[in-house]
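One-based numbering, in listed order, for ligands and for the atoms of each.
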Amino acid sequence: MEIVTSVLTVYLVVSGACPLSNRYQPEFEKLRAEYQPRGVRFEQVSTDTAEGLRTASRLGARVTPQAVVTGSRGSAVYRGRIDDRMPALGVHRRPTRHDLREAIEALLAGKSPPVRETTAIGCAIAYPPAKATTGVTFARHAAPLLYRHCTPCHHTGGDAPFALESFGDAAPRAAVIAEVVRRGLMPPWKADPGPLEFEGAHRLTGGEIRLLESWARDGAPRGDPGIEPAAPKFQPGWKLGAPDRTVRMQKPVEVPATGEDIYTCVVIPLGLKQTRYVRAFEFKPGNRRTVHHALMFLDASGAARRNGEVYPCFGVPGFLPSASLGGWTPGFGPTSYPPLTAVTLRPGMDLVLQLHYHPTGTIETDQSELALYFTETAPTRRMMDVALGSRNIDIPAGEARYIVRDHFTLPVPVEVTGIIPHAHYICREMRGTAIRPDGRRIPLITVRGWDFNWQRHYRYKHPFTLPAGTRIEMEFLYDNSAANPRNPSNPPRRVTWGGGSLDEMAGLHVQVIPANDDDARELGQSLWGKIMRELGGGILKR
Ligand code: HEC
C-alpha cells in the first residue's frame with residue numbers, strides 16, 4: 001500500500017469520563033507537538049458527544065484511550081494502544097513499547113508500521129445497542145446496586161475520582177462499569193470471602209455482576225424514574241466529630257502530570273508538650289485525584305527527619321518506626337483502636353506519612369491531613385504484631401510459581417483483631433491460616449489477585465481468640481513470568497528481597513492482643529527468638 005504522508009491522520013479516541021484516558025492527555029500533547037510540524041494531522045475524538053461516538057464507531061474503536069491512524073485512502077493503517085504502560089486494566093508500569101510513535105515513524109518513512117493492530121486497554125466505549133432485550137433498568141436494578149456498593153466512594157467529595165450518584169453519572173460509564181465489576185477490579189476489595197468477616201468488605205455476587213452486565217449490554221436504559229431510589233447522602237467533614245488535634249503536611253507536595261506513580265515520605269513534627277494517647281484517627285487526603293494510599297508511622301528517634309522533610313520512599317519508610325498509627329486506602333474511613341489499646345504519642349515524636357500518588361495527566365498538589373482523637377486512659381492492653389515473612393526471596397526470571405512460606409506457634413492465647421498482608425507487584429496469591437492445637441484450620445485471609453495498589457489493613461468484624469499452641473502459617477505465591485501483566489520488569493529479571501519497587505517482600509502481620517502483661521512479654525520473647533533464629537545470630541556478630 002502506498003502511503004502519502006501529508007494525509008496521515010492520528011485520531012485519539014478519548015473520554016473525559018475515563019480517568020485512564022485523562023491520564024494520557026500529556027502524552028497526546030507531546031505527540032501532537034512533535035509530529036504536527038512534520039505534517040501529521042491530529043484529531044481528538046471525544047466519545048462524550050453523540051458525534052464523537054459516531055466517529056469512534058466508524059473508526060472501530062472499542063475503548064478509550066486509543067489511537068487510530070488513517071492513511072491516504074482514509075483506511076486505518078494502525079489501530080490500538082499508544083504505548084504499553086497499561087498491560088491490563090488497573091495496572092500501570094514504565095512503557096517499553098511506544099506503538100503509536102513507532103507506527104507514525106514508520107509511516108513517515110514510507111514504510112508499514114511494525115505492528116498494525118495492538119490491544120488498547122482502557123474504558124470500554126458505551127455504544128448504543130441495537131435494542132434492549134433483558135428488561136434490566138437503572139431505576140429498578142442498577143441504581144440500588146451502584147448506590148450500595150459504589151457510591152460510598154464514588155460521590156461528590158468522596159474518595160473516588162468521579163461520582164456515581166445519578167442516572168446521568170452512571171449511564172455514560174455503563175460499559176466500563178460492567179467491565180470493572182466483571183474483572184473484580186471494583187469495588188476494590190481483594191480478600192476472598194471466608195468464614196471470618198472483615199470490616200468494610202465490599203463484594204458483588206455473581207448475580208449482581210450479571211445484572212450490571214445486562215444493563216450495559218442493553219445500552220443502559222433508565223426505566224421508570226418514579227421508582228428510582230434516592231442516592232445516599234454523605235456528610236462532609238470528619239466522621240467522628242471534632243478532632244482533639246489535626247495534623248497537616250507543612251507544605252504541599254507537587255505531583256508531576258505524567259510518569260510513574262510516586263512514593264513520598266513526609267515528616268511532620270508533632271511538637272507535643274505532654275504524652276497523649278490516641279484512641280482513633282482519620283486520614284483526609286488533600287487531593288483525592290492523586291492520593292492513592294497512605295501509611296502513618298511514628299518516629300521517636302529523629303531518624304526520619306534526617307532524610308529530609310520530604311523524601312522518596314517506596315515499600316519501606318526509610319527508618320525504623322517507633323510505632324504505626326495505621327493506613328488509609330480510598331473508602332477506608334476513620335480507625336478506632338480496640339478498647340484500652342491506645343497508641344502513645346510522646347513529646348519529640350514525629351509523624352511520618354508515607355504517601356502513594358498517581359499522576360493524573362495534570363500537575364497536582366496535595367496537602368493531606370490527619371485528625372487525632374485522644375483519650376485520658378493510658379493503654380493497659382498491648383496490641384502486638386505477629387510478623388510472619390521471609391527475606392529469603394530469590395525468584396528466577398520467568399518463574400511463574402515461586403512460593404514463600406513461614407510459620408509461628410503462639411506460646412500464649414491471643415485475641416486477633418486484624419491482619420496486614422504485604423508484598424510488592426509480582427505476588428499473585430496470599431494465604432494465612434491458623435491451625436489450632438485441636439487440628440481445626442481457620443483461614444485468616446486469602447487474597448487471590450493481590451494488587452499492590454490496593455494493599456490495606458484488614459480488620460476482623462468480630463475479633464476472636466486463638467489458644468496457646470496455635471500454629472500460624474503463611475504461603476505467598478509469586479509469578480515472575482512475562483505472562484503476569486503486573487510484572488514491572490519487561491522482560492522479567494531475577495527478583496530478590498528488598499525495599500525497591502523491582503524487589504519483592506513477603507510479610508503477613510497478624511495484629512493480636514495478649515490477655516495480660518506476662519503473656520505479652522512471653523509472646524515478645526518468642527517472636528524475638530524467631531527473628532534471631534532466622535538471622536542465625538547475624539545481628540550479634542556485628
Ligand atoms: C473503596 C472505594 C471505592 C469503591 C467502593 C468503588 N470504587 Fe471505583 N474507584 C475508586 C478509586 C479510588 C478509583 C480510581 C482508580 C484508582 O485509584 O486506582 C476508582 C475507579 C473506578 C473506575 C475507573 C477505572 C479505573 O481503573 O480508573 C470505574 C469504572 C469504577 N471505579 C467503578 C466502580 C463501580 C462500578 C463500583 C461499585 C460496583 C466502584 N467503583 C466502587 C474507589 C472505589
Side-chain angles (χ1 to χ4, degrees), residues 15-24 63-65 85-93 121-126 138 141-167 169-191 198-213 215-216 220 231-232 234 255 261-262 283 285 287-294 327-333 355-361 364 366 451-458 485-486:
S15 165
C18 174
L20 306 172
S21 175
N22 295 338
R23 197 168 165 167
Y24 257 108
V63 301
T64 62
R85 78 179 64 179
M86 279 189 305
L89 258 186
V91 186
H92 301 265
R93 66 182 181 193
I121 303 291
C123 305
I125 299 171
F138 180 76
H141 306 96
L145 283 181
L146 298 178
Y147 291 171
R148 183 148 53 93
H149 294 290
C150 319
T151 313
C153 292
H154 288 269
H155 62 264
T156 312
D159 288 343
F162 55 86
L164 288 173
E165 291 175 296
S166 66
F167 176 69
D169 290 338
R173 298 188 168 92
V176 65
I177 288 174
E179 182 151 357
V180 293
V181 298
R182 183 170 55 79
R183 290 171 181 264
L185 295 171
M186 288 285 151
W189 183 265
K190 301 298 164 190
F198 290 113
E199 254 177 50
H202 268 291
R203 270 198 172 261
L204 299 186
T205 63
E208 291 173 328
I209 293 170
R210 281 190 293 280
L211 267 184
L212 290 174
E213 285 182 312
W215 178 63
F234 296 89
V255 181
D261 285 13
I262 291 178
F283 175 82
N287 181 342
R288 293 182 150 83
R289 285 187 302 279
T290 181
V291 181
H292 194 281
H293 80 249
W328 176 89
T329 46
F332 204 75
L355 296 146
H356 170 185
Y357 293 116
H358 270 338
T360 63
E364 303 276 4
D366 168 59
D451 183 344
F452 177 82
N453 286 326
W454 288 106
Q455 58 181 296
R456 63 179 290 155
H457 180 170
Y458 292 89
R486 296 188 198 283

field: Phe283 CZ to Thr329 OG1 distance, which is reported to the nearest 0.5 Å
entry: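 Atom-to-atom, Phe283:CZ and Thr329:OG1 are 10.5 Å apart.
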message: Measuring from atom SG of Cys150 to atom CG of Leu212, what distance do you get when rounded to the nearest 0.5 angstrom?
response: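 Reported to 0.5 Å precision, the distance equals 7.0 Å.
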State whether the side chain of [X] and the backbone N or O of [Y] hold a donor-acceptor pair below 3.5 Å, judged by distance alone.
X: Asp261; Y: His358; value: no
X: Asp159; Y: Gly331; value: yes
X: His155; Y: Thr151; value: yes
X: Tyr147; Y: Glu165; value: yes
X: Trp454; Y: Arg456; value: no
X: Arg23; Y: Pro359; value: yes
X: His292; Y: Asn453; value: yes
X: Arg486; Y: Ala88; value: no

Closer than 4.0 angstrom: is that true for some heavy atom of [X] and an atom of ligand 1?
X: Trp454; answer: yes
X: Asp159; answer: yes
X: Arg173; answer: no
X: Pro152; answer: no
X: Trp189; answer: no
X: Val181; answer: yes

Output the list of atoms in ligand 1 that are nearer than 4.0 Å to some heavy atom of [X], sorted by atom number.
X: Val180; answer: 29 (C), 32 (C)
X: Cys150; answer: 34 (C), 35 (C), 36 (C), 37 (C), 38 (C), 39 (C), 41 (C)
X: Cys153; answer: 1 (C), 2 (C), 3 (C), 4 (C), 5 (C), 42 (C), 43 (C)
X: His149; answer: 5 (C), 37 (C), 41 (C)
X: His358; answer: 16 (C), 17 (O), 18 (O)

- prompt: Closer than 2.8 Å to atom 8 (Fe) of ligand 1, do we get an N, O or S atom from His154, backbone or side chain?
  reply: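 Yes - counting backbone and side chain alike, His154 has an N, O or S atom under 2.8 Å.
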query: Taking atom 13 (C) of ligand 1 as the point of reference, which of Gly122, Cys123, Pro161 owns the nearest heavy atom?
result: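 Minimum heavy-atom distance to atom 13 (C) of ligand 1 goes to Pro161.
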Heavy atoms from other residues, nucleotides or ligands near CZ of Arg210 exceed 12 (cutoff 6.0 Å):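 Result for CZ/Arg210: open.
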Taking heavy atoms and a distance under 4.0 Å, where does [X] meet ligand 1: side chain, backbone, both or neither?
X: Pro19; answer: side chain
X: Phe162; answer: side chain
X: Cys18; answer: neither

Just to confirm my output: which protein heavy-atom neighbour is closest to [atom], and how far is it?
atom: atom 42 (C) of ligand 1; result: Ala160 CB, 3.7 Å
atom: atom 26 (O) of ligand 1; result: Leu20 CD2, 4.5 Å
atom: atom 20 (C) of ligand 1; result: Met186 CE, 3.4 Å

query: Hey, is atom 15 (C) of ligand 1 touched by any protein heavy atom at less than 4.0 Å?
result: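 It does not; no protein heavy atom is within 4.0 Å.
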- prompt: Can Arg173 be said to sit on top of Phe162's aromatic six-ring, NZ or CZ under 6.0 Å from centre and within 45° of the ring axis?
  reply: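 Yes - Arg173 lies over the ring of Phe162, closer than 6.0 Å to its centre and within 45° of its axis.
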- prompt: Looking at ligand 1, does any of its N/O atoms fall within less than 3.5 Å of an N/O of His292?
  reply: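 Checking ligand 1 against His292, an N or O pair does fall under 3.5 Å apart.
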field: Working for side chain to side chain contact (heavy atoms under 4.5 Å, CB included), residues Leu164 and Ile177
entry: CA-CA 10 Å; Leu164 288 173; Ile177 288 174; 3.9 Å; yes
